[in-house]
Undergrad: 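Pasting a structure below so you can have a look.
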Amino acid sequence: MTRTIRETTVKTTCPYCGVGCGVLATTAADGTVSVQGDPDHPANFGRLCSKGSALAETIDLDGRLLHPEINGKRVSWDVATRTVAQRFASIIQEHGPDAIAFYVSGQILTEDYYIANKLMKGFIGSANIDTNSRLCMASSVAGHKRAFGTDTVPGCYEDLEEADLVLLVGSNLAWCHPVLFQRLMTEKERRPDLMIVAIDPRRTMTARSADMHLALEPGTDVALFNGLLDWLSNTGRLDSTFIAEHTNGCLEALETARATGFLGAAEATGLSERKLTAFFGLFAETQKVVTVFSQGVNQSSSGTDKVNAIINCHLATGRIGKPGMGPMSVTGQPNAMGGREVGGLANQLACHMDIENPMHRELVQGFWASPTIPERQGLKAVDMFQAVADGSIKAIWIMATNPVDSMPDADGVRAALDGCPFVVVSDVMRDTDTCAVADVLLPAAGWGEKDGTVTNSGRHVSRQRNFLPLPGEARADWRIIRDVAHAMGFADAFDYAGPADIAREYAALSKLGNKGARDFDIGACAALDTAAYDALEPFQWPWTAGEAPVTERRFFADGQFYTRDGRARMIATEPRAPASGVDTDHPFVLNTGRVRDHWHTMTRTAKSQRLSQHIAEPFAEIHPDDARALGIETASLVEVASRYGRTILRAQVTDDQRPGSLFVPIHWTGQHASMGRIDALVHPNADPVSGQPESKFTPVSLTPFGARWFGFAVTAEKPQAVNTDYWALAKSAGGWRLELADARDLEDADGFARAILGLSGREDAEMLAYHDQSAGRHRFAAFRHGKLIGALFIAPEPVAVSRGWAAGYLRETDVSAPDRLKLLAGRPGADRPDPGAIVCACYSVGINQIVAAIETGAAASVEEIGTALKAGTNCGSCRSELKRIVDNARLPEAV
Ligand code: SF4
């Protein structure tokens, strides 16, 4: 399917991480789209990371869901909408409103989020609406509310540039929030005295760029910050005036911190006393401190306490809300903050109001003129899917998210949805693992097609604008929700012609009865006409009616908080062990997280061959001591298993990892690997306050996978129906690359090659083959009209052929006879050197090229690599990896 494109440059916002960068999307006369960073956007000032830079490569229509379906059959929108409305209505009538649930997403826009929340809470009458942001930052929300009486990030991105000390706690900012990291590193280059401390069990790319890395034992952040608070108290560094005038709970918090103390912190974290002294001293002596934290803090069964232990140290020193000072939670998703503002979590109402506050309920219900409003919280994500499993939820609508891959106990979630009487999924893609268990599929608009607003981690509200026509019968999420609301009989309350109508209503609610009682107030937007909404420039909330918008505003510097008495609450936080400890059957700790160039479950980033080059298959990072003890070598395969599931992954042996811990990325799904769905292993333990799952600590076993053979293939067309124990598929230049392995002998290598290379029915294909039966080595290369159809390499050990080099032949129109033989031999010639694994995705620069430039003296620094090879000179996302390569090359000189 093609689409007609209009020629324009449109200002919009990146749909990936919570930095929320502004993007200029330009459509050329031939319909091709290119993107650049928006130089005027206050989040990025023109920068984009590798993912943002590759956005134009992800907007094709391959795999899109383009028509409504019921039970796999195409239906009209009218039938789909009526079916959803009627089934919801009949279930409500028979079982009550709590038998319905919505599971929504930080990918949808604020306007979509607002009316989904309004429909569920105000008209269906249940609070069973929760969001995948529960998996990302619910502990920050709960920690903020406990401390400040409101869910508010006090500071701004500029604080990272104004601070003298930046702590990055449980945050691989270099890979997960790359543009914010680049802003920090640019300031560090300008001002080398700016100190950066990374607090993370793993030596991440962020930790490698820091002045100090505290590789603490997993899950011991509360002990660390309790130890710090006690140190600050003992060394006379507390701000007693701020504490006395603006906080409650300090004595209890200090007493609890004292019980941990310096020695307790050292013992729990495993950090040396020397290192702790250096860190505590640095914090004590530096006034301008910002503490950035994200999933490493939040995704824990004591995540809320971790957040409060951090905030305690800032409150106790009065370092909050002033330039260069304060705690700063950064969200994972583009609109996680928007979701928090509209009440997208099961325990909230819209506009920072509380479901359990009768005055708030009355105000919201009156404003909505709704027939009902729930008086108690709904089910949080983990409990929601357990209620689906036990049958108390009988219908669920999943919007723009993929819980069959991303929820903990993901196989249990799949089984629950499989058994659920009625599952509706609205999504952009047709064949996700979640779509596979849906009764009704509703095609939603994707990035570039939808229109509305998002809020980033720094409270900037920005427009996401459409510049592409809607493909097929896809519709904006707000419209899908509105039409279901109409079909359920709520037409008057959902009388919206477009997102601007919704935005005005939402803004009006934010100012209703507010008068400074709630910090979230965007009342000025209530007066925007549609043209003004369309032209809206990024602003930072609050933006109250009658005031000018700002892009840099902080909260709490005046010591006024949103608690009943206006004082912040310091919370006594006792260190707690993770909910499930390791045991003899599961002696390793599984930590899950993101990689640089992929996003969530890869429905978009896997479309870009550039992004797929950086890391092309799921892996487990393993410490060398553990690998040695278990006989695991780098590039072999390992089996990782928990009480909930098992997986097969490529081993990466590295001392960046702690002994006893494994790191595995979250991104791989059933579409990209045979057994890469890591959340199938993650246990569903959650923080008792926030309900956020403990995705950073699952006890697992680790064993070598007994592969009888390994394979690697490049193919021009997507391979079909691969049936091996292990496979992982990624896009490459000119086609696909496929990794293979199996625990069974390969009986018929030729037949297998024909199936993988897709040769059946292609009698005009020429096949070159090499066999060494006794050694178990086979190689195949198939051509048609001089072009490579595909090549397959099979060996008893991991195949050592250069991936990028072999894939490069797919782009050639006529592969010469000598090159065919080189390909069959699996060895690059001097005329076509192997670039090695890609480090710089923007310019496709591989590690071999970078090492060669260093070894030949052409480059000795990151800047010189940029001059010689261009690597790191566009988005800058690879600069930390370049630094690691330069540092490693310098090591032998230093010895
Ligand atoms: Fe997008 Fe990268 Fe900016 Fe995040 S840092 S919003 S992924 S461009």
Side-chain angles (χ1 to χ4, degrees), residues 10-25 33-59 106-107 109 133 136-137 157 160-161 168 171-186 204-206 209 292 294-295 328-338 446-448 453-465 538 593-608 610-612 614-615 665-667 840-842 872 874-881:
V10 167
K11 284 188 168 205
T12 182
T13 312
C14 176
Y16 295 124
C17 83
V19 179
C21 296
V23 173
L24 299 179
V33 173
S34 59
V35 298
Q36 290 173 271
D38 179 351
D40 299 325
H41 196 285
N44 57 318
F45 298 106
R47 298 175 178 90
L48 289 179
C49 75
S50 48
K51 290 187 289 289
S53 302
L55 271 167
E57 295 161 41
T58 66
I59 55 175
Q107 302 292 311
L109 306 182
S133 299
C136 159
M137 49 72 218
Y157 291 166
L160 274 73
E161 295 158 331
L168 301 169
S171 167
N172 186 5
L173 208 70
W175 277 18
C176 302
H177 299 90
V179 165
L180 195 53
F181 183 73
Q182 285 170 39
R183 285 181 64 165
L184 175 62
M185 296 315 287
T186 303
T204 59
M205 281 300 161
T206 305
S209 306
V292 175
S294 57
Q295 274 82 331
M328 173 161 252
S329 134
V330 286
T331 57
Q333 297 195 80
N335 201 26
M337 285 286 271
W447 182 79
T453 54
V454 290
T455 310
N456 71 7
S457 300
R459 289 182 280 109
H460 290 117
V461 178
S462 305
R463 291 279 278 108
Q464 225 186 71
R465 294 185 173 90
R594 291 177 172 163
V595 299
R596 191 190 78 189
D597 287 355
H598 277 305
W599 177 255
H600 279 195
T601 56
M602 290 166 54
T603 48
R604 287 171 295 183
T605 49
K607 288 179 165 223
S608 161
R610 258 194 315 149
L611 296 179
S612 300
H614 181 236
I615 294 175
I666 58 171
H667 309 289
C840 170
C842 295
N874 184 35
C875 76
S877 301
C878 63
R879 287 175 70 84
S880 339
E881 279 161 282

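Order of appearance sets the numbers: ligands from 1, and atoms from 1 within every ligand. FYI, the numbering just counts along the sequence from 1.
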Undergrad: Using side-chain contact (heavy atoms from CB on, under 4.5 Å) as the criterion, list what pairs up with K11, not counting sequence neighbours.
TA: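 Counting only residues at least two positions away or on another chain, K11 forms a side-chain contact (heavy atoms from CB on, under 4.5 Å) with L24, D38, D40, R465, E537.
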
Undergrad: Give a yes or no answer on whether the side chain of S608 reaches the backbone of R604 with a donor-acceptor pair at less than 3.5 Å.
TA: no

Undergrad: Salt bridge (Lys or Arg N to Asp or Glu O under 4.0 Å) with R610: which residues, sequence neighbours excluded?
TA: E57

Undergrad: Listed by chain and number, what are the side-chain hydrogen bond (donor to acceptor under 3.5 Å, both in side chains) partners of S457, not counting sequence neighbours?
TA: T331

Undergrad: Ignoring hydrogens and angles, state whether a donor on the side chain of H177 or S294 is under 3.5 Å from an acceptor on the partner side chain.
TA: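 No, S294 and H177 have no side-chain donor paired with an acceptor closer than 3.5 Å.
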
Undergrad: Given a threshold of 2.8 Å, state how many protein N/O/S atoms are nearer than that to atom 1 (Fe) of ligand 1.
TA: 1

Undergrad: Parallel, tilted or perpendicular: which one describes the rings of H460 and Y157, with boundaries at 30° and 60°?
TA: perpendicular

